Amino acid sequence: EDILAIEKEMETFRVFQLWKEHEGGNLNSNQQMSTLLFGYLGLKARRTREGNTTTNKEFLQSVKGHHPLVPLILSRRKLVKVVTGFLKKLPDLIGDDGHVHADWNLGGARTWRLSCSNPNLQNLPSIGPVKDLFVPKIGCAFIEADFSQVELRILASLADEPSLLAAFAEGRDPHTATAAKMFSVPIEKVTEEQRSRGKTMNFGCVYGLKPDTIEKKFGIPIEEAMDMYLSFWQKLPKIREWMNAQRDEVTAAKAVRSPFGKVRHLPEVTSEEENIREHAIRQACNFPIQSAAADITMNAMVEIDDLLPKGARIAAQVHDSILVECKDSQTHSILSEIVLPCMRGQRMPGLKVPLDVQVKVGYSWGVMEDVDDDSEEAS
């Protein structure tokens with residue numbers, strides 16, 4: 001219905017009517033879409049390395065202000081992807097018992113995270129109420145428990161970065177703490193914009209975040225983006241020291257090891273191509289963090305599963321969160337006596353800060369309410 005509504009709105013533009021009349025009007029054809037964009041709308045074509053014109057999402061985002069049809073094309077594409085790539089396939093994946101039984105792949109990712117397929121419950125479309133389709137059995141509820149900022153806690157511990165360790169130990173927001181350092185202001189004076197920039201640097205530092213990406217994300221001059229970038233590394237030097245140590249390790253051994261002992265081989269670090277080498281070095285920094293987070297979550301899953309009473313089960317896992325289905329009457333006891341103690345009690349070699357967990361409860365995966373686990377709201 002949403003797709004048809006967008007197409008009806010497109011019909012109000014004369015240029016669209018002409019294109020449809022003379023070219024066929026197939027919105028799913030790349031060739032006809034190119035004709036609409038570059039012929040009828042007169043947009044300047046962007047070409048790939050092979051010399052072909054592109055109508056991909058990145059291009060459309062960059063020209064969406066040139067004609068009101070472009071945002072409509074983007075919105076329609078999102079919805080078509082949800083329908084064709086997910087919703088149409090879902091009925092065939094329902095088992096004889098009326099449940100969807102996805103395939104969970106242990107070590108399905110190179111970081112040793114669980115992966116999921118048929119359907120991929122870890123990457124459900126965010127458009128519309130897709131998650132609302134997933135509901136517990138009648139008389140049951142979902143508990144979703146998510147490790148809070150676990151990767152950043154692991155990075156702080158591995159790098160021994162004092163400002164982040166102090167923020168976690170004292171229960172303060174790590175992004176505000178980072179922003180206070182970067183912008184040399186008291187914590188209580190940090191603005192929302194500054195916190196957002198601190199958050200971007202915290203999460204992007206080990207993924208090769210560069211000033212040009214910061215420039216685009218915040219719409220700021222490249223000089224300001226460069227100042228922000230340099231300030232982060234100057235004010236949190238321990239992270240850079242740890243990353244340099246990871247670079248030295250992978251260069252020497254062509255492999256890196258996680259805190260739990262898992263190994264990732266990265267022979268491409270010797271590649272003659274700089275972009276391949278740099279990608280391997282980023283993976284050498286990313287792997288110990290993501291792999292440790294995966295082990296912490298899976299260890300918690302094992303402990304929770306061992307303790308769950310009859311009628312309760314782990315229904316899904318999405319990266320750092322665990323989804324439990326249980327009887328309505330058991331929600332409070334399972335949350336307070338099993339889920340939270342198991343997750344908060346996890347340990348990692350070298351972990352220097354406590355683990356925290358955020359909890360939601362609901363009757364569909366799409367509509368979950370935050371729970372203060374110290375109150376009666378969990379019941």
Side-chain angles (χ1 to χ4, degrees), residues 1-95 98-103 115-135 142 213 215-219 316 318-319 323 362-368:
E1 288 177 353
D2 290 343
I3 291 169
L4 291 174
I6 289 173
E7 291 176 356
K8 188 174 180 180
E9 188 175 350
M10 288 176 166
E11 294 277 4
T12 63
F13 294 93
R14 179 61 180 160
V15 67
F16 183 84
Q17 295 172 11
L18 289 171
W19 167 77
K20 190 174 179 180
E21 180 181 344
H22 295 289
E23 307 297 336
N26 185 354
L27 288 162
N28 298 319
S29 164
N30 286 332
Q31 184 176 352
Q32 290 191 27
M33 183 59 66
S34 294
T35 304
L36 171 62
L37 294 169
F38 309 125
Y40 285 77
L41 298 186
L43 299 177
K44 185 178 179 181
R46 181 182 297 175
R47 297 188 179 276
T48 63
R49 290 181 180 178
E50 293 77 22
N52 302 317
T53 57
T54 179
T55 63
N56 63 15
K57 177 182 175 182
E58 182 182 7
F59 167 72
L60 291 175
Q61 288 281 10
S62 69
V63 298
K64 66 181 181 181
H66 287 68
H67 195 281
L69 271 173
V70 179
L72 293 174
I73 292 169
L74 276 166
S75 298
R76 182 187 177 278
R77 274 194 184 175
K78 280 184 181 180
L79 294 171
V80 168
K81 187 175 180 181
V82 172
V83 172
T84 59
F86 183 78
L87 292 177
K88 281 188 175 179
K89 298 177 181 179
L90 195 58
D92 294 333
L93 298 173
I94 299 174
H99 294 272
V100 171
H101 297 276
D103 296 328
S115 68
C116 183
S117 56
N118 299 320
N120 183 358
L121 298 176
Q122 296 182 328
N123 191 27
L124 293 178
S126 58
I127 297 173
V130 173
K131 270 188 142 182
D132 292 354
L133 298 173
F134 297 88
V135 296
F142 280 148
T213 307
E215 174 195 19
K216 292 175 185 175
K217 178 176 174 61
F218 293 104
V318 180
H319 305 314
L323 187 72
Y363 295 101
S364 83
W365 205 358
V367 182
M368 306 280 282

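Since we're looking at a predicted model, the values are computed, not measured. Residue numbers start at 1 and run along the sequence shown.
Two residues are said to be in side-chain contact when any heavy atoms from C-beta on lie closer than 4.5 Å; L69 and L37 fail this criterion. Between K20 and M10 the shortest side-chain heavy-atom distance does not fall below 4.5 Å. Between W365 and L133, every side-chain heavy-atom pair lies at or beyond the 4.5 Å cut-off. At a threshold of 4.5 Å between non-hydrogen side-chain atoms, the residues T54 and N30 do not count as touching. Between F134 and L323 the shortest side-chain heavy-atom distance does not fall below 4.5 Å. Taking the side chain as every heavy atom from C-beta outward, Y363 and V367 never approach each other to under 4.5 Å.
Considering all non-hydrogen atoms of both residues, C116 and A102 come closest at SG-CB, 3.6 Å. Closest approach of V15 and L41 over heavy atoms only: CG1-CD2, 3.7 Å. Between N118 and L93, the shortest heavy-atom contact is C-CD1, 3.6 Å. Heavy atoms only, all atoms of each residue included: F13 and P68 are closest at CE2-CG, 3.5 Å. Smallest separation of non-hydrogen atoms from V135 and D132: CG1-O, 3.5 Å.
Within a 6.0 Å sphere centred on NE2 of H99, other residues, nucleotides and ligands contribute more than 12 heavy atoms.
Among the candidates K64, K57, E58, the single residue satisfying the side chain to side chain donor-acceptor pair (under 3.5 Å) test with Q61 is K64. When I6, T55, L27 are each tested for a side chain to side chain contact (heavy atoms under 4.5 Å, CB included) with R77, only one passes: T55. Just one of V80, I73, L79 meets the side chain to side chain contact (heavy atoms under 4.5 Å, CB included) condition when paired with R76; it is V80.
Atoms CE and CG, from M33 and N28 in turn, are 7.5 Å apart once rounded to the nearest 0.5 Å. Distance check, rounded to the nearest 0.5 Å: OG of S34 to CG of L43 gives 11.0 Å. To the nearest 0.5 Å, atom CG of residue D92 and atom NZ of residue K88 are 12.0 Å apart. Residue T213 holds its OG1 atom at 11.0 Å from CZ of F218, rounded to the nearest 0.5 Å.
Outside the 6.0 Å centre-distance limit, the rings of H22 and Y40 are not counted as a close aromatic pair.
In this structure, T35 contributes its side chain and Q31 its backbone to a donor-acceptor pair below 3.5 Å. With S75 contributing its side chain and L72 its backbone, the two residues share no donor-acceptor pair below 3.5 Å. S117 places no side-chain N or O within 3.5 Å of a backbone atom of N120 that could act as its donor or acceptor partner. Under the 3.5 Å distance criterion, the side-chain polar atoms of E23 are left unmatched by any main-chain donor or acceptor of Q32. At least one donor-acceptor pair under 3.5 Å links the side chain of Q17 to the backbone N or O of E11.
Residues satisfying the ring-ring contact (aromatic ring centres under 6.0 Å, His included) criterion with F16, sequence neighbours excluded, are W19. Partners of F59 under the ring-ring contact (aromatic ring centres under 6.0 Å, His included) rule, at least two apart in sequence or in another chain, are F38.
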